[in-house]
Amino acid sequence: MTATSTFDTTSHIKRIFALQQANLQKLKDTTAAERKAKLKKLERYLLDEKNFRALADAMHADFRKPEAEVFLTEVGVVQSQIRYICRKLHHWIRPKSVPTITPLAGTTSHILCEPKGLALIISPWNYPVNLAFGPLAYAIAAGNAVIIKPSELAPHTSAFIKKTIDTLFDESEVAVIEGEVSTAQVLLDMPFNHIHFTGSPQVGKIVMAAAAKHLASVTLELGGKSPVIIGSKVHIKNHAAKIAWAKLMNDGQTCIGPDYVLLPKTQLSSFVEGYSAAVNKMYNPNNKGIDQSPDLARLINDRNFQRIKNLIDDAIEKGAKVEMGATYNEAERYIAPTLLTAVTEEMDIMHEEIFGPVLPVMTYDHLDQALDIVNRRPKPLTMYITSGSSTQISYIVKHTSAGTTCINDYNLGFSNTHLPFGGVNNSGIGKSLGYHGFEAFTNERSIIRRNWGTLSMLFPPFSKLTTRLGKFFYKFS
Ligand code: NAD
């Protein structure tokens, strides 16, 4: 960015920030019905045939995202969140009375949900609509003004996001600022009340440091390595097929997608057979080649293509066995779905989030070895536990930690709006979805009101009676 364009971006951002700040009281005063009407408008826009076509074309241009996935993993998810919010919002924003402790007789207390104010949503490219409009729905429900900064890596979809918001909202309420990292940095200098960031742990740290300057609250939806731990009494081929589906959704570029698999040594050959058969069934039904499938997206850019190819090369060099894949078409940013066995912890592929169509498999003799491998890494965003034994499932849950845990199925962690979604430490801070999504953009204001009585007996000058009364106060609190 040149000095002039930095100046233009900064003044544009400052202008919108000021406009939104001036509008905060008006937004705070809106009723649940008014907020719901805004969300319904967004839902109708996304479901409109012409707009959906424009979005599908944009996402195809960005990384050949298949149209069915555009609905299943983007528009449908936003729709389900909007519908859930619309069913619950009246209840959520109602002041909630809470009981009073005995020594405070004469007072009443309640919690008032008020908007945090001005929210910044920084979204990634991999589920760009889902992860911009999902948080937006909760921010609007809570009565905030919002600036969205979509990822520059999916430029066609970013333009769609901007057009949608420009069509539906006044910029004093919701605005989209497109741009590269430098634009995000200018935004992060502004004193937002809340920052909702979805992206990598590395950038998450930068966002949190910037938020600290203004003590803005944050929701950090990050990533990392999500393991699949396969235990006993499992139909291994069925699960291999489900894992293949979950892994290759969005071409492996899914934050909650299975990153690597740990399974008993005795199950390896069945897993390999089941995985390869499933990949071919899904993406090569007519034997024309997986690369001809319209149902497999592409990697987002050359940098990620090269990064993932390097991970495969490094693994092979260090002794991994290629069970399928490891073939490439650089011009198309295509890496064939790849299954690696004989993987060890020394390989680079076990040190960073893969974010591509490559599945490393490690085997174990005793379950505790698998848990050690998982526990040596930062706490994952999602943990998959596959087992026919409830005792074993409880054991694994008890001896590990993760933001979300999905048992005997895959990629479901983001689907149930009744559950909080988010990571823990390196995989995230704060939760999204359902009430937790609303809460993230809400200040739960505690209000305590004196109706009669007083605490004047505790005022100075102090005496022995004061301490005795103090003891009574805390004993019955
Ligand atoms: P990213 O962290 O590179 O970028 C995310 C956003 O941050 C983009 O809008 C980008 O412009 C901005 N950004 C990048 N560098 C910045 C900087 N130095 N300062 C300020 N802003 C900056 O992530 P990505 O590549 O877009 O997405 C992939 C990552 O996101 C993966 O790690 C994935 O696991 C994670 N992710 C997490 C979730 C979740 O819900 N937890 C969902 C999707 C993706």
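Indexing begins at 1, ligand by ligand and atom by atom, following the structure's order. Numbering of residues begins at 1 and proceeds along the displayed sequence. What you see below is based on every heavy atom in this structure, not just the backbone, and it leaves out hydrogens, waters and symmetry mates.
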Within-shell test, L153 vs ligand 1, heavy atom, strictly < 4.0 Å
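It does not; every heavy atom stays at 4.0 Å or beyond.
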
Among the heavy atoms of F414, does any lie under 4.0 Å from an atom of ligand 1?
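No; F414 lies far enough from ligand 1 that no heavy-atom distance drops under 4.0 Å.
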
Between D57 and R53, does any side-chain N to carboxylate O distance fall below 4.0 Å?
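Counted as a salt bridge, because a side-chain N and a carboxylate O are separated by less than 4.0 Å.
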
Do NZ/NE/NH1/NH2 and the carboxylate oxygens of R64 and D251 come within less than 4.0 Å?
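So R64 does not pair with D251 through a salt bridge.
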
Verify salt bridge (charged side-chain N to carboxylate O under 4.0 Å, His left out) between K431 and E439, making sure each step is shown before the conclusion.
CA-CA 9 Å; K431 302 285 172 181; E439 200 180 24; over 6 Å; no

Under a 4.0 Å heavy-atom limit, does [X] contact ligand 1 with its side chain, its backbone, both, or neither?
X	result
T198	both
S123	backbone
I300	neither

Residues [X] and [Y]: side-chain donor-acceptor under 3.5 angstrom:
X	Y	result
Y384	N411	yes
K65	T157	no
T254	Y127	yes
K116	H194	yes

Pairs of nitrogen or oxygen atoms closer than 3.5 Å, one from [X] and one from ligand 1: do any exist?
X	answer
E152	yes
L131	no
E353	yes
W125	yes

Any idea which heavy atoms bring Q253 and L299 closest together, and the distance?
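Result for this residue pair: OE1-CA, 3.3 Å.
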
With heavy atoms of [X] as the reference, note each atom of ligand 1 found under 4.0 Å away.
X	result
F355	28 (C), 31 (C), 33 (C), 34 (O)
K149	9 (O), 10 (C), 11 (O)
N126	43 (C), 44 (C)
F421	40 (O)
L188	20 (C)

Nearest non-hydrogen protein atom, [atom]:
atom	result
atom 7 (O) of ligand 1	F197 CE1, 3.3 Å
atom 22 (C) of ligand 1	V203 CG1, 3.4 Å
atom 12 (C) of ligand 1	I122 CG2, 4.0 Å
atom 35 (C) of ligand 1	G199 O, 3.2 Å
atom 17 (C) of ligand 1	V181 CG1, 3.4 Å
atom 36 (N) of ligand 1	C255 CB, 3.4 Å
atom 41 (N) of ligand 1	L222 O, 2.6 Å
atom 20 (C) of ligand 1	A184 CB, 3.5 Å

What orientation do [X] and [Y] show, parallel under 30°, tilted 30 to 60°, or perpendicular over 60°?
X	Y	answer
H196	F441	parallel
Y435	W92	perpendicular
F355	W125	perpendicular

Report yes or no: does N426 contribute a side-chain atom to a donor-acceptor pair with the main-chain N or O of G224 at less than 3.5 Å?
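No; zero donor-acceptor contacts below 3.5 Å.
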
Residues two or more places apart in sequence or in another chain: which of them pass side-chain contact (heavy atoms from CB on, under 4.5 Å) with K28?
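Scan of K28 (side-chain contact (heavy atoms from CB on, under 4.5 Å), adjacent residues dropped) gives Q25, E114, P115, R445.
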
Of the choices G134, S200, G257, G179, which has the non-hydrogen atom that lies closest to atom 23 (O) of ligand 1?
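Among G134, S200, G257, G179, the closest heavy atom to atom 23 (O) of ligand 1 belongs to S200.
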
Atom 4 (O) of ligand 1 touched by protein (heavy atom, under 4.0 Å)
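Within 4.0 Å of atom 4 (O) of ligand 1, no protein heavy atoms are found.
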
Contacts of E330 that satisfy side-chain hydrogen bond (donor to acceptor under 3.5 Å, both in side chains) - sequence neighbours left out:
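side-chain hydrogen bond (donor to acceptor under 3.5 Å, both in side chains) list for E330, sorted by chain: empty.
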
